[in-house]
Structures are given as C-alpha cells and as structure tokens.
> 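Here it is, the structure in full.
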Amino acid sequence: MCSAKAIASKIALDQILMAPVGTSLFYAVTSVLQGETSQVPGKLKEKLLPTLIASYTLWPAAHSINFKFVPSSQRILYTNIVSILWTYILSQAAAATVSAAQPVIKGEEPEPLTFPQQVAVFLTEEEQIAAMQLVVEELASNPSPEETPAEPASAK
C-alpha cells in the first residue's frame with residue numbers, strides 16, 4: 001500500500017508534531033475545565049514526557065499496521081478504533097493516582113503511580129495485543145471495495 005519510507009515519514013510527522021501538541025492540549029484543557037488553571041504548568045511538567053513515551057509505544061505500531069496493511073477505505077475506521085482505546089487509557093491514567101494493588105499503610109499517603117503504571121492498571125499488554133488482533137481480523141474479514149471484483153455491466 002505504502003512504501004516503508006512513506007510510512008516512516010507519516011509516523012515521524014505524527015509523533016514529532018502532533019503528539020506533543022495534542023497531549024499538551026489534553027492536559028491543559030482538562031485542567032482548565034476542572035477549574036485548576038494554575039496547575040496547568042505543573043501538570044504538563046509532571047505528565048507530558050511520560051505520556052509522550054506511552055504514546056510512542058502505541059501509535060508507531062498502530063500507524064505501521066494502518067499504513068501497511070489496512071485498505072485506504074478502512075483507515076479512518078481503524079484509526080478511530082485505536083483512538084478510542086488511546087483516549088480511554090489516557091483518561092484513566094490522567095485520573096488515576098492509586099492502584100487497588102498498591103498497599104496503603106494506615107496513616108500514610110499512597111505514592112502516586114507513574115504514567116506507565118497507571119496505564120498498566122487498566123490494560124495489560126496481552127489485552128492491548130488482543131484488541132489490535134481483533135481490529136486486524138475484522139478488517140481482514142471485510143474486504144474493501146478496492147479488493148472485491150467489479151460486477152460486469154449488464155448488456156442491453
């Protein structure tokens with residue numbers, strides 16, 4: 001579908017330009033909507049880099065699959081499915097501060113989880129792989145119009 005160079009260029013542009021801007025906007029807007037405008041710089045300083053690292057673990061693989069294997073007519077659907085997964089992970093990780101598995105000693109404040117720990121609380125690597133496999137299987141079972149043979153025109 002696309003050459004390796006074209007795929008790498010698209011992924012690099014997305015991760016270098018769009019990921020930092022989108023992630024910064026996510027944290028800034030959620031802080032403002034929660035009435036915590038003064039905490040925007042601190043939240044960005046604390047969470048931007050870990051979030052970008054998490055983004056770099058999901059999106060390059062997802063985009064590689066998208067640009068290499070997904071028919072162009074189904075790329076938006078595929079990206080939307082991965083985006084729903086990412087939005088869920090991002091929202092839960094941004095809101096989470098304590099894991100149910102993290103022991104809390106009476107009278108002590110629990111340590112906040114790092115971003116990767118927050119993501120791991122909600123979705124394991126096996127679950128991420130299973131979700132991606134379901135998407136690929138769904139796309140494989142529904143061929144795009146480009147791949148189905150055209151019906152012959154009826155003779156008049």
Side-chain angles (χ1 to χ4, degrees), residues 1-34 39-97 99 101 112-156:
M1 301 222 172
C2 290
S3 71
K5 186 176 180 179
I7 292 170
S9 298
K10 291 176 183 185
I11 293 170
L13 283 173
D14 177 66
Q15 293 302 301
I16 292 169
L17 298 177
M18 296 305 296
V21 172
T23 304
S24 297
L25 284 172
F26 171 78
Y27 285 120
V29 169
T30 54
S31 293
V32 169
L33 292 175
Q34 293 171 351
Q39 294 182 6
V40 171
K43 191 173 276 190
L44 287 175
K45 184 177 179 183
E46 174 189 346
K47 295 192 175 194
L48 182 61
L49 185 59
T51 304
L52 289 175
I53 292 170
S55 174
Y56 298 153
T57 62
L58 173 67
W59 286 109
H63 286 315
S64 295
I65 292 169
N66 189 29
F67 294 128
K68 187 68 177 173
F69 301 110
V70 178
S72 59
S73 63
Q74 295 180 345
R75 286 184 181 164
I76 294 173
L77 171 64
Y78 172 82
T79 302
N80 285 343
I81 291 169
V82 176
S83 293
I84 291 169
L85 173 66
W86 174 247
T87 302
Y88 171 77
I89 292 169
L90 184 60
S91 297
Q92 293 298 320
T97 56
S99 163
L113 299 176
T114 64
F115 186 79
Q117 289 170 328
Q118 292 172 1
V119 172
V121 167
F122 298 102
L123 201 60
T124 65
E125 183 176 342
E126 291 82 21
E127 291 170 329
Q128 292 175 12
I129 292 169
M132 294 296 284
Q133 287 173 337
L134 287 173
V135 170
V136 171
E137 288 171 8
E138 179 64 27
L139 292 171
S141 67
N142 295 319
S144 69
E146 300 166 354
E147 296 172 353
T148 55
E151 294 182 22
S154 60
K156 289 187 179 182

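Quick note: numbers below take in every heavy atom, side chains included, and nothing from hydrogens, waters or symmetry partners.
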> Are the side chains of Val82 and Trp59 in touch, meaning some heavy atoms are under 4.5 Å apart?
yes
> Kindly determine whether Met18 and Leu13 satisfy side-chain contact (heavy atoms from CB on, under 4.5 Å), including the steps that lead there.
CA-CA 7 Å; Met18 296 305 296; Leu13 283 173; over 6 Å; no
> Kindly write out the residues that satisfy side-chain hydrogen bond (donor to acceptor under 3.5 Å, both in side chains) with Gln39, not counting sequence neighbours, or none if the list is empty.
none
> Which pair of heavy atoms, one from Pro60 and one from Ser55, lies closest together, and at what distance?
CD-O, 3.6 Å
> To the nearest 0.5 Å, what is the distance between CD1 on Ile7 and OG on Ser64?
6.5 Å
> Within the structure provided, determine whether His63 and Asp14 are in side-chain contact (heavy-atom separation under 4.5 Å).
yes
> Under the side-chain contact (heavy atoms from CB on, under 4.5 Å) test, which residues partner Pro41, sequence neighbours left out?
none
> Report the residues that fulfil side-chain contact (heavy atoms from CB on, under 4.5 Å) with Leu49, sequence neighbours left out, ordered by chain and then residue number.
Ile53
> Distance from Ile16 atom CD1 to Leu52 atom CG, nearest 0.5 Å?
11.5 Å
> Give me the atom names and distance for the closest heavy-atom approach of Thr51 to Trp86.
O-CH2, 4.0 Å
> With sequence neighbours left out, write down each residue that passes side-chain contact (heavy atoms from CB on, under 4.5 Å) with Ile84, or none if nothing qualifies.
none
> Could you tell me which non-hydrogen atom of Gln15 sits nearest to which non-hydrogen atom of Pro20, and how far apart they are?
O-CD, 3.3 Å
> To the nearest 0.5 Å, what is the distance between CG on Leu48 and OG1 on Thr23?
6.5 Å
> Mind checking side-chain hydrogen bond (donor to acceptor under 3.5 Å, both in side chains) for Thr79 and listing every partner two or more places apart, or none if nothing turns up?
Asn66
> Considering all heavy atoms of both residues, which atom of Arg75 and which atom of Phe67 are nearest to each other, and what is their separation?
NH2-O, 3.2 Å
> If you round to the nearest 0.5 Å, how far is NZ of Lys47 from OG of Ser31?
8.5 Å
> Passes side-chain contact (heavy atoms from CB on, under 4.5 Å), Tyr27 versus Val40? Steps please.
CA-CA 7 Å; Tyr27 285 120; Val40 171; over 6 Å; no
> Please enumerate all residues that pass side-chain contact (heavy atoms from CB on, under 4.5 Å) together with Val29, with sequence neighbours excluded.
Leu33
